[in-house]
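Being a predicted model, the structure only gives us computed values, none of them experimental. Just so you know, these numbers use all the heavy atoms, side chains as well, and skip hydrogens, waters and symmetry mates.
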Amino acid sequence: MPPSLTPPVPAYRPWLGIFFMCVACALFPVQNAVVKLLTGIYPFQEVVWVRLATHLVLMCVVFLPRRGLALLRTRAPLQQVICSAGLLGATFFFFAAAKSVGVTEAIAISFISPLVVTFLAWPILGERITVVRLASVVIGFAGVLIVIRPGSSVFQWASLLIVASAVSYAVYQIIVRRVAAVDSPATTAFYSALGCTLVASLFVPFNWKTPENWRDLALMLSLGVSGGFGHYCVARAFSYAPANLIAPLNYTQMIGSVVVGYLMFAEVPDFYTWTGSAVIIVAGLLVGWQGRKKKS
């Protein structure tokens with residue numbers, strides 16, 4: 001291949017990768033807090049639809065002019081449907097639970113998603129699961145039980161919706177891995193946004209409340225913009241630095257969640273939330289450590 005046609009390879013710039021990941025991790029807790037705020041006023045189905053529809057419009061604006069109809073070509077239509085279903089489930093379950101679960105508690109429970117990916121990659125992708133990784137999954141779920149405390153007086157069924165959201169997102173990530181071999185990331189992202197928006201549109205006529213003011217409408221639209229920008233920052237972060245350096249930074253969302261939860265909703269995490277969060281984070285770091293050790 002002539003040098004002029006060689007795809008550019010991002011330079012190794014770890015500090016730039018750390019910067020982009022930190023931006024994303026600062027943005028996501030704010031986004032989750034806005035979801036909690038809006039779903040306390042409007043039907044969560046409406047908030048989901050506006051968030052997804054805005055995301056779909058952005059996808060069309062960004063990719064259609066450059067790719068044209070090639071964006072619509074897929075060699076794995078069934079897997080694209082499963083991707084959409086996984087992302088839709090993750091969004092629906094999280095938004096449905098947001099108004100009833102604390103910001104910090106929600107983000108802590110959602111941290112089990114990478115552990116679920118580790119477990120499900122065994123039967124779906126055929127990736128061998130080691131004793132350490134299996135133990136990490138068990139430890140991570142033990143941490144979730146500490147946070148949600150089933151059977152206690154503080155237990156909320158909405159917490160289980162956050163668990164369902166994390167599992168759905170894990171399924172989405174796994175199928176994205178499989179489809180990446182045949183379809184471009186842009187095509188997958190487009191069909192995921194399209195499928196989610198079409199299904200969410202079925203619920204909107206029965207669950208609609210006209211925004212009371214321009215502020216609420218702007219907040220709804222901001223979810224699609226911030227979500228798209230946040231995931232763009234994550235992609236840029238991984239293009240500048242290795243995963244074993246960038247991935248652990250994801251857990252810094254706990255800091256932002258605590259700050260945002262306190263400032264916006266006067267939420268103060270209790271001892272069990274801190275303890276369970278620590279257990280989940282340790283389990284996630286253990287999986288990352290073993291993956292790094294295996295590559296070295």
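- Annotation: side chain of Phe111 is in contact with side chain of Gln253 (closest heavy-atom distance under 4.5 Å).
- For the atom pair CZ of Phe94 and CD1 of Ile109, the computed distance is 9.5 Å after rounding to the nearest 0.5 Å.
- Side-chain atoms of Asn32 never come within 3.5 Å of backbone atoms of Ile107 as a donor-acceptor pair (strictly under, hydrogens ignored).
- Rounded to the nearest 0.5 angstrom, Leu120 CG and Ile174 CD1 are separated by 4.5 Å.
- With sequence neighbours left out, Trp214 forms a ring pair (Phe, Tyr, Trp, His ring centres under 6.0 Å) with no residue at all.
- Side-chain contact check for Val258 versus Trp274: some heavy-atom pair is nearer than 4.5 Å.
- For the pair Val163 and Phe93, the minimum side-chain heavy-atom distance is 4.5 Å or more.
- Listed by chain and residue number, nothing satisfies the ring pair (Phe, Tyr, Trp, His ring centres under 6.0 Å) test with Tyr191 (two or more places apart in sequence, or in another chain).
- For Thr273, the side-chain hydrogen bond (donor to acceptor under 3.5 Å, both in side chains) partners are Asp270, not counting sequence neighbours.
- Atom OH of Tyr272 is separated from atom CD1 of Ile146 by 9.5 Å, given to the nearest 0.5 angstrom.
- For the 3.5 Å distance criterion, the side chains of Thr188 and Asp183 fail to qualify, holding no donor opposite an acceptor.
- Here the straight-line distance linking atom CG of Leu64 with atom CG of Leu72 works out to 6.5 Å at 0.5 Å rounding.
- Not counting sequence neighbours, the partners of Phe28 by the ring pair (Phe, Tyr, Trp, His ring centres under 6.0 Å) test are His231.
- Residues passing the side-chain hydrogen bond (donor to acceptor under 3.5 Å, both in side chains) test with Ser168: none are found, sequence neighbours excluded.
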All N/O donor-acceptor pairs, side-chain side in residues 50-62, below 3.5 Å, sequence neighbours left out:
| from | atom 1 | to | atom 2 | distance (Å) |
| --- | --- | --- | --- | --- |
| Arg51 | NH1 | His55 | ND1 | 3.2 |
| Thr54 | OG1 | Val50 | O | 2.7 |

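- Side-chain contact check for Thr197 and Trp49: no donor-acceptor pair (N or O, by modelled atom type) lies under 3.5 Å.
- Taking the side-chain hydrogen bond (donor to acceptor under 3.5 Å, both in side chains) definition, one finds that Ser100 meets it with nothing, sequence neighbours left out.
- For the atom pair CD1 (Ile162) and OG (Ser113), the distance works out to 12.0 Å, reported to the nearest 0.5 Å.
- Taking Glu46 as the reference, nothing meets the salt bridge (Lys or Arg N to Asp or Glu O under 4.0 Å) condition, with sequence neighbours excluded.
- At a threshold of 4.5 Å between non-hydrogen side-chain atoms, the residues Val268 and Tyr262 count as touching.
- The backbone N or O of Val101 lies less than 3.5 Å from a partner atom in the side chain of Lys36, making a donor-acceptor pair.
- Side chains of Glu105 and Ser159: a donor on one and an acceptor on the other come within 3.5 Å.
- Between Tyr172 atom OH and Leu88 atom CG the span is 12.0 Å, to the nearest 0.5 Å.
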- Task: Evaluate salt bridge (Lys or Arg N to Asp or Glu O under 4.0 Å) for Arg215 paired with Glu212, printing each intermediate quantity in order.
- Result: CA-CA 8 Å; Arg215 187 209 67 168; Glu212 298 175 355; over 6 Å; no
Name the atoms and distances for all side-chain donor-acceptor pairs under 3.5 Å in residues 216-224, with sequence neighbours left out.
| from | atom 1 | to | atom 2 | distance (Å) |
| --- | --- | --- | --- | --- |
| Asp216 | OD2 | Tyr42 | OH | 2.5 |
| Ser222 | OG | Leu219 | O | 2.5 |

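- The local environment of CG in Leu263 is crowded, with over 12 non-hydrogen atoms from other residues, nucleotides or ligands closer than 6.0 Å.
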- Passes side chain to side chain contact (heavy atoms under 4.5 Å, CB included), Thr91 versus Tyr169? Steps please. CA-CA 8 Å; Thr91 307; Tyr169 190 61; over 6 Å; no
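- Counting only heavy atoms from C-beta outward, the side chains of Ile281 and Met254 approach each other to under 4.5 Å.
- The ring pair (Phe, Tyr, Trp, His ring centres under 6.0 Å) search around Phe44 returns Phe92, not counting sequence neighbours.
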- Query: Given Val48 and Phe203, is the side chain to side chain contact (heavy atoms under 4.5 Å, CB included) satisfied, shown in steps?
  - Reply: CA-CA 10 Å; Val48 168; Phe203 298 93; over 6 Å; no
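- With sequence neighbours left out, the side-chain hydrogen bond (donor to acceptor under 3.5 Å, both in side chains) criterion links Ser184 to Thr187.
- For residues 59-80, no residue pair satisfies the ring-ring contact (aromatic ring centres under 6.0 Å, His included) rule, not counting sequence neighbours.
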- How far apart are the C-alpha atoms of Arg66 and Leu71, what are their side-chain angles, what is the distance that settles it, and do they pass the side chain to side chain contact (heavy atoms under 4.5 Å, CB included) test? CA-CA 9 Å; Arg66 292 189 296 171; Leu71 182 67; over 6 Å; no
